[in-house]
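Here is the structure we will look at.
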Amino acid sequence: MTSYDAIIIGTGQAGPALARRLAGAGMTVAVVERSRFGGTCVNTGCTPTKTLVASAYAVHMARRGADYGFSAGEVAVDMKRVKARKDQVAGLSTRGVERSLKTLENCTVYESHARLRSAQEVEVGNEVLRSDRIFLNVGGRAAVPDIRGLYQVDYLTNSSMVDVDFLPRHLLVLGGSYIGLEFGQMYRRFGSQVTIVELGPRIVSREDEEVSQEIAAFLGREGIAVRTKASCFSVAKEDDEIVLLLSCEEGPTEVRGSHLLIAAGRRPNTDDLGLDRAGVKRDKRGYIEVDDQLRTSVPGIWALGDCNGRGAFTHTAWNDYEIVAANLLDGAQRRVTDRIPAYALFTDPPLARAGMTEAEVRRSGRRALVARLAMENVSRAYEKGETAGFMKLLVDAETKLILGATFLGTGGDEAIHCVLDTMYAKSPYTVLQHAMHIHPTVAEFIPTMLANLAPLSE
Ligand SMILES: Cc1cc2nc3c(=O)[nH]c(=O)nc-3n(C[C@H](O)[C@H](O)[C@H](O)COP(=O)(O)OP(=O)(O)OC[C@H]3O[C@@H](n4cnc5c(N)ncnc54)[C@H](O)[C@@H]3O)c2cc1C
């Protein structure tokens, strides 16, 4: 048995940074990774998808040449080269994480599946490691719904989809949320026919209704078919086609395509981790239960990143690392509940969100003010010829603190940070309103919008 001051299982977004901090503080650290270094974000999530989104955007803009005064001839997409570009970008990241861990002083890397044997012991292949501090950063994977016939067809998930090097003739996407919409739009732009099938009454149903409508509208203009209130209960293969049978109120009860992407949520990698042997509690969906400082039910074991169910993003996993490191090494008292919900959906244009949605503000019952601005009134947007979307800000009528923001439009994923930082500073919206912003930017319209705050109607 080999003893360490700390054992980290998983090299996603929290583990490697934590390893660097702990090893830098003089601790001996064991890091265990069973697959590719860098985890989901680097290999099958953010990095590959945003690299592919960039290719799809370039294709889209080339096709719009006439709008900008040039002609590029017929645009031909070579999916092998698109994938090669993705491999190159993602490869740099994964190799960077691997190299940094393997050359880190005080750090030993194990490449194997890890399972807890007890509250202080971890089985790694034929070895047993021991430590009083164990950090679980095991992430998650695509959830595959239990649909009749699904296991008889070659379906894709985000993991296999990022390695596709051909153009599907007709891509069926099961799930109209963040992952499904990003892939759907990019493949439409590459040239596939795309049908998105969503169980709920609207796509991205966690967002305000007007957000779902606007996204559905711009996807529709690009020729993407969206089927909502459509529950897929059976999948079959007929010749070279995949057939989805739907239970739905409107539209055909059958959709056919050449390929099927499952984008129906995520599940944590906690089912083969030996949690029961160590006494670490999970919730009903398999997420590891943690307190506000990310401590599990067992002293000396922490859970960070997607596996704790307290976030589903790279920035939340990274923030988990910051919280745990600061509390352990700097004597801080940082907490998960100190962070403000923030994320983006990287369609084009992107959706950026901070704080509460309008629906959440309404449910909270507080008196609020709201300001809205269509992107077609934002000079930067019309100069760029990208006017889809709108911006919306919600403010507490009494405290003047910003409650939430929704920026659906070009540049919104960057401009939202003005709002986010004002919220973190706990400053009233007037601070943001009085700041002089740079022209012409999307952010310069935030003060303009704030001048038009009006009571949120009943
Ligand atoms: C298609 C897609 C697009 C996304 N886009 C974005 C985006 O644009 N922005 C954003 O913020 N987030 C995005 N995300 C989410 C983001 O990728 C995750 O939130 C983030 O990667 C979570 O990191 P993590 O540290 O929790 O774990 P992961 O990155 O999932 O890493 C976990 C690691 O643990 C390893 N592991 C698991 N079990 C064991 C074990 N028993 N033994 C050893 N090793 C083990 C795994 O192999 C993996 O390497 C996206 C996700 C997907 C699927």
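Just so it is clear, the values below take in all heavy atoms, side chains as well, and ignore hydrogens, waters and symmetry mates. All ligand and atom numbering here is 1-based and tracks the order in the structure.
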I need the nearest protein heavy-atom contact for [atom]: residue, atom name and distance, please.
| atom | value |
| --- | --- |
| atom 29 (O) of ligand 1 | Thr40 N, 2.8 Å |
| atom 14 (N) of ligand 1 | Cys46 SG, 3.8 Å |
| atom 47 (O) of ligand 1 | Glu33 OE2, 2.6 Å |
| atom 41 (N) of ligand 1 | Ala114 O, 2.9 Å |
| atom 15 (C) of ligand 1 | Ala312 O, 3.5 Å |
| atom 18 (C) of ligand 1 | Asp306 OD2, 3.3 Å |
| atom 27 (O) of ligand 1 | Gly139 CA, 3.3 Å |
| atom 36 (N) of ligand 1 | Arg34 NE, 3.8 Å |

Out of all atoms in ligand 1, which are within 4.0 Å of some heavy atom of [X]? Include the element for each.
| X | answer |
| --- | --- |
| Gly10 | 33 (C), 34 (O), 35 (C) |
| Cys41 | 17 (O), 21 (O), 29 (O) |
| Gly140 | 30 (O) |
| Val32 | 43 (C), 44 (N) |
| Ala14 | 25 (O) |
| Gly305 | 26 (O) |
| Gly39 | 29 (O), 31 (O), 48 (C), 49 (O) |

Tell me the contacting part of [X] for ligand 1: side chain, backbone, both, or neither, using a 4.0 Å heavy-atom threshold, strictly below.
| X | value |
| --- | --- |
| Leu273 | side chain |
| Phe346 | side chain |
| Ala142 | neither |
| Ile179 | side chain |
| Thr49 | side chain |
| Asn158 | side chain |
| Arg115 | neither |
| Ala317 | side chain |

If the threshold is 4.0 Å, N to carboxylate O, is there a salt bridge linking [X] and [Y]?
| X | Y | value |
| --- | --- | --- |
| Arg334 | Asp292 | no |
| Arg282 | Glu289 | no |
| Arg372 | Glu210 | yes |
| Asp330 | Arg21 | yes |

In terms of relative ring orientation, are Tyr343 and Tyr178 parallel, tilted or perpendicular, with 30° and 60° separating the classes?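 The rings of Tyr343 and Tyr178 stand perpendicular, inter-plane angle above 60°.
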Indicate the ring-plane relationship of Tyr57 and His60, choosing parallel, tilted or perpendicular according to the 30° and 60° boundaries.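 Ring orientation, 0 to 90° scale: tilted.
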N/O separation below 3.5 Å, Lys50 to ligand 1: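 Yes, at least one N or O pair falls under 3.5 Å.
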If you measure every N/O of Gly45 against every N/O of ligand 1, is any gap under 3.5 Å?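 No, there is no polar N/O contact under 3.5 Å.
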Out of Ile9, Thr314, Asp271, Val124, indicate the one that has the non-hydrogen atom closest to atom 12 (N) of ligand 1.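 Answer by nearest heavy atom: Thr314.
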Asp413, Val138, Asn137: member with heavy atom nearest to atom 24 (P) of ligand 1: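 Comparing heavy atoms across Asp413, Val138, Asn137, the nearest one to atom 24 (P) of ligand 1 lies in Asn137.
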Start with the C-alpha gap between Arg141 and Asp271, add the side-chain angles, then the distance that decides, and say whether salt bridge (charged side-chain N to carboxylate O under 4.0 Å, His left out) holds. CA-CA 11 Å; Arg141 61 186 187 274; Asp271 31 9; 2.6 Å; yes
Hey, is [atom1] on [X] packed in by over 12 heavy atoms from elsewhere, all under 6.0 Å?
| X | atom1 | result |
| --- | --- | --- |
| Lys281 | NZ | no |
| Arg256 | CZ | yes |
| Arg206 | CZ | no |
| Arg64 | CZ | yes |

Would you please determine whether [X] falls within less than 4.0 Å of ligand 1 on a heavy-atom basis?
| X | answer |
| --- | --- |
| Thr44 | yes |
| Ser112 | yes |
| Arg36 | yes |
| Arg266 | yes |

Side-chain contact test, heavy atoms from C-beta onward, threshold under 4.5 Å: evaluate it for Val173 versus Val194 and give yes or no.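 They are in side-chain contact.
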Got Leu408 and Ile215 here, is their nearest side-chain heavy-atom distance under 4.5 Å?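 When only atoms from C-beta onward are counted, Ile215 and Leu408 do touch, with a gap below 4.5 Å.
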Would you check if there is a donor-acceptor pair between the side chains of Arg169 and Ser258 at a distance under 3.5 Å?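 No, no side-chain donor-acceptor contact under 3.5 Å.
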So, Thr410 versus Lys384: side-chain donor-acceptor pair below 3.5 Å or not?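 The answer is yes; a qualifying pair exists.
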In Å and rounded to the nearest 0.5 Å, what is the OG to CE distance from Ser131 to Met1?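 One finds 12.0 Å between OG of Ser131 and CE of Met1.
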State yes or no: are the ring centers of Phe166 and His259 separated by less than 6.0 Å?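 Yes.
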Under 3.5 Å: donor-acceptor pair, side chain of His315, backbone of Ala342: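 Confirmed, His315 side chain pairs with Ala342 backbone.
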